[in-house]
There are 2 protein chains.
Amino acid sequence: MIVTLKEVAERAGVSRSAVSRTFTSGASVSDKMRRKVEKAARELGYSPNALASSLTTGRTKLIGLVSNNFHNPIFLEVFDLFTRGLQDRGLRPLLVNLSDETDPEQSVRMLRQYSVDGVVVASSTLPPGFAKAFRDAGVPVVHSFGRYLSAPQVHVVGIDNVECGRMAARSLVARGYDCVAFMGGPERATSTQDRLSGFMIEMSAHPHIHSSHSFADAYSFDAGRREMLRLLKDTPAQAYFCGDDVLSIGALSAVTGSGLSVPGDIGIIGLNDMEMARWENINLTTIHQPIQQIVNSSIELMAAMLDDPDRLPEARIFACSIVERGTLRPVRAD
Amino acid sequence: MIVTLKEVAERAGVSRSAVSRTFTSGASVSDKMRRKVEKAARELGYSPNALASSLTTGRTKLIGLVSNNFHNPIFLEVFDLFTRGLQDRGLRPLLVNLSDETDPEQSVRMLRQYSVDGVVVASSTLPPGFAKAFRDAGVPVVHSFGRYLSAPQVHVVGIDNVECGRMAARSLVARGYDCVAFMGGPERATSTQDRLSGFMIEMSAHPHIHSSHSFADAYSFDAGRREMLRLLKDTPAQAYFCGDDVLSIGALSAVTGSGLSVPGDIGIIGLNDMEMARWENINLTTIHQPIQQIVNSSIELMAAMLDDPDRLPEARIFACSIVERGTLRPVRAD
DNA sequence: CACTTTTTTGCAACCGGTTGCAAAATATGA
DNA sequence: TCATATTTTGCAACCGGTTGCAAAAAAGTG
């Protein structure tokens, strides 16, 4: 069933090298030769074996796409953008789901076995050390949606989560809430930690405003809903900065389901600006994260690293902005 | 940087075959030899090159995972299940996004170049001919969420969309609506066609009930919302069977956004039972599609085909059931 | 036309592994 | 202990390609 280069060579009555060359751009082949080979190849239905050639060229065009965020709808968009972007450059995403994997070493080994040319870690919850394991193994790596460090050890593309936390806090302050809280995602996620820290820094400048925080155990609707239901049993804050949109929507459901109104009784601001946030029946005020730019920039960076593997680690941070919708009360006039 | 089998052999002072054998399960190696080789391998940090070995073994353990549904959140769940299930069997998903690809031949060629052992087409919108192109190329293929045919030409795993259409129609009839409609997904999608046809068949047994249909141009929130807004401008039906949950939610948003109530003024029933459907602020009555079973069965079938490529095409169809929530009025007592 | 320069082609070695086969080593039995 | 059966090991060819090098062919020059 499978047609090899040798068979094409025999049919065309030329050497194997000649066939190889007609399928390698930039090789020296005469027009006559090319036509002969292409004819034979067409007749036989030949197409070159990318993996065999990778043996000698040292490039597979395979890119590991590693993530553990398979429950946050925003990542469907992320995967869409990554796969299309990589495909457009002739690269092939080998998807790795780390949802329940404990040992990073294992996925490093696996991706090395498949000789991936590079790895994109697309996750806001994996620790920075994870991406480093690839770098240490000599595999070009970009951590998308990763933690911003001023002296990055691997390439990072994302947002400044600390600044987002501050932004959210400032916006709650500006609206005159005097009891606010941060409802984070999983406590161990760097994105949660950074958003909290920014939130606290900003709030510490307003000691008269009461602020607190708690964590949901995943970036998911259910986790957000559960955590908000728990908070509602006690004395809830007037407004919450939720760790991300899907958490916000879960929280929203808990609040309205408990007979309270948003933003009347409780205000909510999210982060991400996922497609759903603008649905009429959700209409979430949130901080917009420029996903498309982050993904495109990651891909561009990856491509650059394939050309120059020794490129120094770089952090590319994109600005976020607040999208005003209907889940926070208006800014006070005073 | 990369360590080869030869280097391990030299360090251990044995032949290359010996090294190869220690890393091949079921090969004949003495314990002494194994220990020697493993020691050398560990010291050198060797791990075998899966692609090089695929050259002689003829198996890459690579599985093409082809889809064009990157805007329907239910597919995030599908990808999660597929990637985990494949990984658990030592298979590696090579993700192919067909969203804007016109030519099926091209992806067939690409996947053959990468010597995938098999292809899973995970899509409810691609035509059956697409999967067939892989079979014709001699690549084992399973079409998940594909069209059910009584004499299938490729392996199909999914639901009976015609029956789902009937089920939806019956449930609307039972609730005493006397003007109903089907709001489908993209007209060319086989799932849309089949759901519509089931719906019509059932309604034709109730000529006194007025029924009609129209199509949204994608399985997406926006498309559903747009289409419902269009329908509302004229004289809308009393209840709609929407092509899928995400369309339903879009429609829901259009209805409530227009000041009408659900299910008071307009009833809606969806299909899929995606996670979101049970969110309190959506609470969608819908037909449950057993995604997990479909995915697991697809993987199982793929594994079986890898063992026996000549296995005859088979259709595995799973039953669906209605999940009653809050977007249809109660069944009439009479 | 003969001679030099440039392009095209084929040879053969190599990429990193696997595997059939026969020789070497070890185990078994009398 | 020796002859035989069994297991382990290495050799060498192969998987499907690529590529440096030198020979062959084509093109350019006087």
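Below, chains carry the letters A, B, ... as their sequence lines are ordered, and counting in each starts from 1.
Between B:Arg34 atom CZ and D:dT7 atom P the separation is 16 Å, expressed in whole Å. In this structure, B:Asn49 places its CG atom 13 Å from P of C:dC15, rounding to the nearest Å. Taking atom CZ of residue B:Phe23 and atom C1' of nucleotide C:dT18, one finds them 14 Å apart after rounding to whole Å. One interatomic measurement links the two molecules: CG of B:Leu55 to P of D:dG16, which rounds to 7 Å at whole-angstrom precision. Atom NZ in B:Lys6 sits roughly 16 Å away from atom P in C:dT18 (whole-Å rounding). D:dT8 atom C1' lies 11 Å from atom NZ of B:Lys36, rounded to whole Å. Rounded to an integer number of Å, the gap from B:Tyr46 OH to C:dG16 P is 10 Å.
Residue B:Ile2 is in sugar-phosphate contact alone, with no base atom involved, counting any heavy-atom pair closer than 4.0 Å across all strands shown. Base contact: A:Ser28 has a heavy atom under 4.0 Å from a base atom.
B:Ser20 has a side-chain polar atom (N or O) that falls below the 4.0 Å cut-off from OP1 or OP2 of C:dT18. A close approach under 4.0 Å does not occur between any side-chain nitrogen or oxygen of A:Thr24 and OP1 or OP2 of D:dT19. Put simply, B:Ser15 has a side-chain N or O that comes within less than 4.0 Å of OP1 or OP2 on D:dG10. Neither OP1 nor OP2 of D:dC15 sits under 4.0 Å from any side-chain N or O of B:Ser54.
Looking at B:Arg16, its side chain has no donor and acceptor atom pair within 3.5 Å of the base of D:dG10.
Between A:Leu94 and the options A:Leu111, A:Ile63, A:Val119, a side chain to side chain contact (heavy atoms under 4.5 Å, CB included) holds for only A:Leu111.
B:Lys39 and B:Glu43 are joined by a salt bridge, as a carboxylate oxygen and a charged side-chain nitrogen come within less than 4.0 angstrom of each other. Salt bridge B:Glu314/B:Arg316: present, at least one basic N to carboxylate O contact under 4.0 Å.
Closest contact between the side chain of A:Thr57 and the listed nucleotides D:dT19, C:dG17, D:dG17 involves D:dT19.
Nearer to the 5' terminus of DNA chain D, by closest-nucleotide assignment, is the contact made by B:Asp31 (compared with the other of B:Asp31 and B:Thr56).
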Write down the protein N/O and nucleotide N/O pairs, taken from nucleotides 20-24 of chain D, whose separation is under 3.5 Å; answer none if there are no such pairs.
{"from": "D:dG20", "atom 1": "O6", "to": "A:Arg21", "atom 2": "NH2", "distance (Å)": "2.9"}

Where do N or O atoms of nucleotides 25-27 of chain D meet protein N or O atoms at under 3.5 Å, pair by pair?
none

At a cut-off of 3.5 Å, list every protein nitrogen or oxygen paired with a nitrogen or oxygen from nucleotides 4-6 of chain D, distance to 0.1 Å.
none

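A heavy-atom distance below 4.5 Å is found between the side chains of A:Arg92 and B:Tyr114.
Nearest heavy-atom pair across B:Ser144 and B:Phe82 is OG-CZ, 3.4 Å. Of all heavy-atom pairs between A:Ala12 and A:Val37, the closest is CB-CA, 4.3 Å.
For B:Arg188, the CZ atom sits in a loose shell: 12 or fewer heavy atoms of surrounding residues, nucleotides or ligands are nearer than 6.0 Å.
The aromatic ring centres of B:Phe75 and A:Phe79 sit 6.0 Å or more apart.
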